[in-house]
Trainee: 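Take a look at the following structure, please.
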Amino acid sequence: MKKILVFAALAAISACSQPAPAPEAEASAVPEAAAPAASSLAADGGPAHGTYKVTRADGEVMMDEVKPDGTYSTTMDGKVIDTGKWEQKSPSQYCFTKDKEGATQECAEEKVENGVWTSKGPDGKVSTIERVAG
């Protein structure tokens, strides 16, 4: 009986000294580019991704689909007029890079005052934003 106890004790000690298995979390990690998009907040406090109605100061209306994967598309009258990548650096700063050769990142200043969400583009023009979905 004493031999069995000694053997069991040795087996228990050797089981405890085995190295821990390598973590598998790294293999399934979200790509770095998508992580900020999924967790960032827009000026209205909701998630940055979603579908938005954008009304320019001249009355022109566009729809922006801001996707969780960090891409966006803009449509007007049902036709895609622009695509690219986006980044919500803070609730008050929405940045985008058009899918055009040589395009650089541009940013818009956004705020909500008296229940109205506005976005001042890099051109200085102000648009009114309405969340449609998301």
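In what follows, every heavy atom counts, from backbone to side chain, and hydrogens, waters and symmetry copies are set aside. These figures come from a predicted structure and were not determined experimentally.
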Trainee: Of all heavy-atom pairs between G121 and A108, which one has the smallest distance, and what is that distance?
Mentor: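 So the minimum-distance heavy-atom pair works out to CA-CB, 4.1 Å.
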Trainee: What's in the same ILVMFWY side-chain cluster as M63, cut-off under 4.5 Å, chained through other members?
Mentor: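 ILVMFWY cluster around M63 also holds V132.
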Trainee: Just how far is it from atom CD of Q93 to atom CD of E87, taken to the nearest 0.5 Å?
Mentor: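 Q93 atom CD to E87 atom CD measures 8.5 Å (nearest 0.5 Å).
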Trainee: Taking side chain as C-beta onward, heavy atoms only, is P47 less than 4.5 Å from R131?
Mentor: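 Yes, side chains in contact.
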Trainee: Quick one: salt bridge (Lys or Arg N to Asp or Glu O under 4.0 Å) partners of D64, sequence neighbours excluded?
Mentor: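 None.
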Trainee: Would you kindly confirm whether Y52 and I81 end up in one hydrophobic cluster when ILVMFWY residues are joined by side chain heavy atoms under 4.5 Å apart?
Mentor: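 They do share one cluster, since a chain of ILVMFWY contacts under 4.5 Å joins Y52 to I81.
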Trainee: When rounded to the nearest 0.5 angstrom, what is the spacing between NE2 in H49 and CH2 in W86?
Mentor: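 Atom-to-atom, H49:NE2 and W86:CH2 are 7.5 Å apart.
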Trainee: Using atom types as modelled and distance alone, determine if a side-chain donor or acceptor of Q88 lies under 3.5 Å from a backbone N or O of S90.
Mentor: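 Present.
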Trainee: Please, which pairs that meet salt bridge (charged side-chain N to carboxylate O under 4.0 Å, His left out) have at least one residue in residues 92-111, sequence neighbours excluded?
Mentor: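 Salt bridge (charged side-chain N to carboxylate O under 4.0 Å, His left out) check on residues 92-111 returns K111-E113.
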Trainee: List for me each residue that meets ring pair (Phe, Tyr, Trp, His ring centres under 6.0 Å) alongside F96, sequence neighbours excluded, and say none if there are none.
Mentor: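 F96 satisfies ring pair (Phe, Tyr, Trp, His ring centres under 6.0 Å) with no residue once adjacent residues are dropped.
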Trainee: Search all heavy atoms of A43 against all heavy atoms of V112 and return the closest pair with its distance.
Mentor: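 Closest heavy-atom pair between A43 and V112: O-CG2, 3.6 Å.
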Trainee: Supply the atom-to-atom distance I129 CD1 to T118 OG1, rounded to the nearest 0.5 angstrom.
Mentor: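 With rounding to 0.5 Å, CD1 (I129) is 8.0 Å from OG1 (T118).
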Trainee: Hey, what else clusters with V61 if you join Ile, Leu, Val, Met, Phe, Trp, Tyr whenever side-chain heavy atoms sit under 4.5 Å?
Mentor: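 Hydrophobic cluster check, V61: no partners found.
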Trainee: Which distance, rounded to the nearest 0.5 Å, do you find between the CG of D82 and the OH of Y72?
Mentor: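 Interatomic distance, D82 CG to Y72 OH, rounded to 0.5 Å: 3.5 Å.
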Trainee: Does D58 CG have over 12 foreign heavy atoms under 6.0 Å away?
Mentor: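 It does: D58 CG has more than 12 such atoms within range.
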Trainee: Contact between T83 and T71 at the side-chain level, heavy atoms closer than 4.5 Å - yes or no?
Mentor: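 They are not in side-chain contact.
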Trainee: Compare all side-chain heavy atoms of R56 with those of K125 and state whether any distance is below 4.5 angstrom.
Mentor: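 Not touching, per the 4.5 Å side-chain cut-off.
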Trainee: Taking only residues at least two apart or on different chains, which pairs with a member in residues 99-134 satisfy disulfide bond (SG atoms under 2.5 Å apart)?
Mentor: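 Qualifying pairs, neighbours excluded: C95-C107.
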